[in-house]
Amino acid sequence: VIMSKSKGNYVPVLELIEKYGVDVLRWYFLSSMTIGESKSVIPREIEDKQKGFFGTLGNCVRFYELYAVDKATWTHDTKPSELTDKWVLSKLHGLVNEVTENLDNYDPTTAARAIEKFVVEDFSNWWLRRSRKRKEALGLLRFVLLHLAKTLAPFTPFMAEDIKTRMHKFQKAGHESVHLNDWPKADKKFIDKELEKQMDEIRNIVTLGLAQRKEKQIKVRQPLRAVHLGLSNEFPEDLEVLIQGELNVKEVVYDKSQKELVILDSEFDEALIHEGYARELMRQIQDMRKEAKYKVDDEIFGQWHSENPDLSAAINKWSDEIKKDVLLKNFENHPHGDEAYDVEKEFELAIGKKIWLGIKK
């Protein structure tokens, strides 16, 4: 079929470039359709790439910029002790190997899809989300982003150059273009297939556990006593911690006689319920901090009040932990007076349990 404006069956490439940018359009074509095959060009799918892959990678770069305050964040431990760090390095070097092979075989589509899967599922949603509170992870974050910039250079040249430039934020000039760098090489000594297999098992366990929470309508911020796993072999302690953190459980229990792989202990006691109130309150305060546009290291003043005695007892007990987690200089409990607050609101922290909360600098 011949494309023609008069027939209305042409792709307005220049209009799409103007709207989405040339890199987004290149990535859409390279990651969505096999070379030589026909495919409809659907704007919604282009927008999905822009918000999904590009948005996710952009957030990773911004996270580094936000927390990288000195040159100490340039380097990383080449022999990390954290298993999650070993895992992301294993996945990264495996990715470089896979992309290289596919490009050598003139298959950019499979290569692009591998990069997208790594960035969205492995790097951002798993490793970075679990490493946000570790300052020592910033150097590794930079290393991965620089490797991604080199790997992406043939696909999205402008974004690759932008990432490389932004990774040199403490060096105003002198670094060479990413397009003058050598192509990255996979270092097989970092590839650990056994660790990757264990992490796949853990991610599957987490998926099953979160599905049980959803089915039982238990919020993720509500701590649970334990998760019981129908396994005979135990995970290393570093990886057990991942399960505990993702499922918000106090303990991982192994029971090889258990038929199901994952069973959550969903019985609550007062201590667990009170901790759940505190965790939910921390989230609310963090949201209010963002609304007030505070800097991440701003220490602020907080005030709260509730007529519910159970809720009040829980927050009083967890007050020090709340202050530490959300950077509060003071966290006072008394009714709202005439003071002006940057952000304040009244809401139900739990069903039938109201609380008023205000924050200010």
*Asks:* Output yes when a side-chain donor or acceptor of R142 lies under 3.5 Å from a complementary backbone atom of H76, and no otherwise.
*Replies:* no
*Asks:* Looking at T73 and G139, would you say the former's side chain and the latter's main chain have a donor-acceptor pair under 3.5 Å?
*Replies:* no
*Asks:* Can a donor-acceptor pair be found between the side chains of E176 and N181 at a distance below 3.5 Å?
*Replies:* yes
*Asks:* Taking the side chain as everything from C-beta on, heavy atoms only, tell me whether I359 gets closer than 4.5 Å to V326.
*Replies:* no
*Asks:* Would L247 and L231 show up in the same hydrophobic cluster when neighbours are defined by side-chain heavy atoms closer than 4.5 Å?
*Replies:*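 Shared cluster, yes.
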*Asks:* Would you say CZ of F158 has more than 12 non-hydrogen atoms from neighbouring residues, nucleotides or ligands within 6.0 angstrom?
*Replies:*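 At most 12 heavy atoms, drawn from other residues, nucleotides or ligands, come within 6.0 Å of this atom.
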*Asks:* Should we count CD of E270 as having more than 12 external heavy atoms under 6.0 Å?
*Replies:*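 No.
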*Asks:* Is it the case that over 12 heavy atoms from other parts of the model lie below 6.0 angstrom from the CD atom of E339?
*Replies:*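 Correct, the count exceeds 12.
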*Asks:* So which heavy atom on S319 is nearest to which on F331, and how close?
*Replies:*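 Where S319 meets F331 most closely, the heavy atoms are OG-CD2, 3.9 Å.
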*Asks:* Taking the side chain as C-beta and beyond, is there a heavy-atom pair between L128 and C60 under 4.5 Å?
*Replies:* yes
*Asks:* When you look at NZ of K216, are more than 12 heavy atoms from neighbouring residues, nucleotides or ligands closer to it than 6.0 Å?
*Replies:*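 More than 12 heavy atoms, drawn from other residues, nucleotides or ligands, come within 6.0 Å of this atom.
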*Asks:* Assess the residue pair Y64 and I163 against the criterion (side chain to side chain contact (heavy atoms under 4.5 Å, CB included)); give the C-alpha distance rounded to whole Å, side-chain angles, the decisive distance to 0.1 Å, and a yes or no.
*Replies:* CA-CA 11 Å; Y64 178 79; I163 292 172; over 6 Å; no
*Asks:* Are V227 and L261 linked, directly or through intermediate hydrophobic residues, by side-chain heavy-atom contacts shorter than 4.5 Å (ILVMFWY only)?
*Replies:* yes
*Asks:* According to a hydrophobic-cluster definition based on side-chain heavy atoms being under 4.5 Å apart (Ile, Leu, Val, Met, Phe, Trp, Tyr only), do L210 and L208 belong together?
*Replies:* yes
*Asks:* A side-chain contact here means heavy atoms from C-beta on lying under 4.5 Å apart; do L152 and L57 qualify?
*Replies:*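 In contact.
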*Asks:* Check this for me, if you would: do E196 and K193 make a salt bridge, where the nitrogen-to-carboxylate-oxygen distance has to be below 4.0 angstrom?
*Replies:* yes
*Asks:* Backbone N or O of V178 within a donor-acceptor pair of the E161 side chain at under 3.5 Å?
*Replies:* yes
*Asks:* Please confirm whether the backbone N or O of E332 pairs with a side-chain atom of N330, one donor and one acceptor, at under 3.5 Å?
*Replies:* no
*Asks:* Give the ring-plane orientation class for W27 versus F155, where under 30° counts as parallel, over 60° as perpendicular and anything between as tilted.
*Replies:*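 Taking F155 first and then W27, their aromatic rings stand perpendicular (interplane angle over 60°).
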*Asks:* I need the minimum non-hydrogen distance between T100 and P184, along with the two atoms involved.
*Replies:*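 Reported closest heavy-atom pair: OG1-O, 4.5 Å.
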*Asks:* Check for a donor-acceptor pair, side chain of R166 on one end and backbone N or O of V61 on the other, with a separation under 3.5 Å.
*Replies:* no
*Asks:* Within the distance-only criterion (no hydrogens, no angle test), does the side chain of T156 pair as donor or acceptor with the backbone N or O of D23 below 3.5 angstrom?
*Replies:* no
*Asks:* Answer yes or no: is there a donor N or O on one side and an acceptor on the other, between the side chain of N105 and the main chain of D107, under 3.5 Å?
*Replies:*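 Not confirmed, N105 side chain does not pair with D107 backbone.
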*Asks:* Looking at N204 and D200, would you say the former's side chain and the latter's main chain have a donor-acceptor pair under 3.5 Å?
*Replies:*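 Side chain of N204 to backbone of D200: no pair is present.
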*Asks:* Classify the ring geometry between Y67 and F63 as parallel (under 30°), tilted (30 to 60°) or perpendicular (over 60°).
*Replies:*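 Answer is tilted, since the angle falls between 30° and 60°.
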*Asks:* Should we say atom CZ of F347 is surrounded by more than 12 heavy atoms from elsewhere, each under 6.0 Å from it?
*Replies:*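 For F347, atom CZ is crowded (more than 12 foreign heavy atoms under 6.0 Å).
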*Asks:* Could you walk me through whether E234 and V252 pass side chain to side chain contact (heavy atoms under 4.5 Å, CB included), step by step?
*Replies:* CA-CA 9 Å; E234 299 184 6; V252 176; over 6 Å; no
*Asks:* Looking at OH of Y254 and NE2 of H228, how far apart are the two atoms once the value is rounded to the nearest 0.5 Å?
*Replies:*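 One gets 12.5 Å once the value is rounded to the nearest 0.5 Å.
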*Asks:* Scan side-chain atoms only and decide if Q198 and W87 contain a donor-acceptor pair under the 3.5 Å cut-off.
*Replies:*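 Absent: no donor and acceptor within the cut-off.
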*Asks:* When rounded to the nearest 0.5 angstrom, what is the spacing between NE2 in H93 and CG in D192?
*Replies:*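 H93 atom NE2 to D192 atom CG measures 12.5 Å (nearest 0.5 Å).
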*Asks:* Apply the salt bridge (Lys or Arg N to Asp or Glu O under 4.0 Å) test between E246 and each candidate in R129, R213, R203; give the one that qualifies.
*Replies:*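 Result: among R129, R213, R203, R129 is the only option passing the salt bridge (Lys or Arg N to Asp or Glu O under 4.0 Å) with E246.
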*Asks:* For the residue pair I205 and F235, establish whether any side-chain heavy-atom pair is separated by less than 4.5 Å.
*Replies:* yes
*Asks:* Does any part of the side chain of F123, heavy atoms only, come nearer than 4.5 Å to the side chain of L145, both counted from C-beta?
*Replies:*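 A side-chain contact under 4.5 Å exists here.
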*Asks:* Got a salt bridge between K250 and D265, using NZ or NE/NH1/NH2 to carboxylate O under 4.0 Å?
*Replies:* no
*Asks:* Would you name the heavy atoms of A226 and V253 that are closest together and state the gap between them?
*Replies:* CB-CG2, 4.1 Å
*Asks:* Would you please test N333 and I315 for side chain to side chain contact (heavy atoms under 4.5 Å, CB included) and show each step?
*Replies:* CA-CA 9 Å; N333 174 20; I315 297 170; over 6 Å; no
*Asks:* Considering all heavy atoms of both residues, which atom of M288 and which atom of V343 are nearest to each other, and what is their separation?
*Replies:* CE-O, 3.6 Å
*Asks:* For the pair R283 and D287, find out whether any cationic side-chain nitrogen is under 4.0 Å from an anionic carboxylate oxygen.
*Replies:*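 Result for this pair is yes, salt bridge flagged.
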*Asks:* With no hydrogens and no angle check, do the side chains of E47 and Y20 hold a donor and an acceptor under 3.5 Å apart?
*Replies:*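 Judged by distance alone, the side chains do pair up.
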*Asks:* Could you tell me whether the side chain of E136 reaches within less than 4.5 Å of the side chain of P80, counting heavy atoms only?
*Replies:*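 No, too far: nothing below the 4.5 Å cut-off.
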*Asks:* Any chain of hydrophobic side-chain contacts (each under 4.5 Å) joining M159 to L180?
*Replies:* no
*Asks:* Working note: Q212 + S266, criterion side chain to side chain contact (heavy atoms under 4.5 Å, CB included); need CA distance, chi angles, decisive distance, verdict.
*Replies:* CA-CA 10 Å; Q212 286 186 33; S266 55; over 6 Å; no
*Asks:* When the ring planes of H168 and W74 are compared, do they come out parallel, tilted or perpendicular, using 30° and 60° as the limits?
*Replies:* perpendicular
*Asks:* With the 4.5 Å side-chain cut-off for hydrophobic clustering, are V22 and I115 part of the same group?
*Replies:* yes
*Asks:* Measure from the side-chain N and O atoms of Y28 to the backbone N and O of Q50, and report whether any donor-acceptor pair falls under 3.5 Å.
*Replies:* no
*Asks:* Would you check if E82 and S131 make a side-chain contact, meaning some heavy-atom pair closer than 4.5 Å?
*Replies:*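 They are not in contact (no side-chain heavy atoms under 4.5 Å apart), so the answer is no.
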*Asks:* Can you find a pair of side-chain heavy atoms, one from L140 and one from L89, that are under 4.5 Å apart?
*Replies:*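 Yes, at least one pair of side-chain atoms sits under 4.5 Å.
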*Asks:* At their closest point, which heavy atom of E116 faces which heavy atom of S31, and how far apart are they?
*Replies:* OE1-OG, 4.0 Å
*Asks:* Please determine if R289 and D298 form a salt bridge, counting it only when a charged side-chain N lies under 4.0 Å from a carboxylate O.
*Replies:*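 Not counted as a salt bridge, because no side-chain N and carboxylate O are separated by less than 4.0 Å.
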*Asks:* With a cut-off of 6.0 Å (strictly less than), are more than 12 heavy atoms of other residues, nucleotides or ligands near NZ of K345?
*Replies:*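 Enclosed.
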*Asks:* Testing the 3.5 Å rule here: is there a donor-acceptor pair between the side chains of W318 and E275?
*Replies:*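 There is no such pair between these side chains.
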*Asks:* Can you see which heavy atom on G352 is nearest to which on N308, and at what distance?
*Replies:*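 Shortest heavy-atom separation between G352 and N308 comes out as O-ND2, 4.3 Å.
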*Asks:* What distance do E237 atom CD and L83 atom CG have between them, rounded to the nearest 0.5 Å?
*Replies:*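 Here the interatomic distance stands at 10.5 Å.
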*Asks:* Classify the angle between the aromatic ring planes of H336 and W356 as parallel (below 30°), tilted (30 to 60°) or perpendicular (above 60°).
*Replies:* parallel
*Asks:* Do E121 and K91 sit within salt-bridge range, that is, some charged N less than 4.0 Å from a carboxylate O?
*Replies:*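 No, E121 and K91 are not salt-bridged.
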*Asks:* Main chain of K361, side chain of D342: is a donor-acceptor contact present, judged purely on distance under 3.5 Å?
*Replies:*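 A pair under 3.5 Å: yes.
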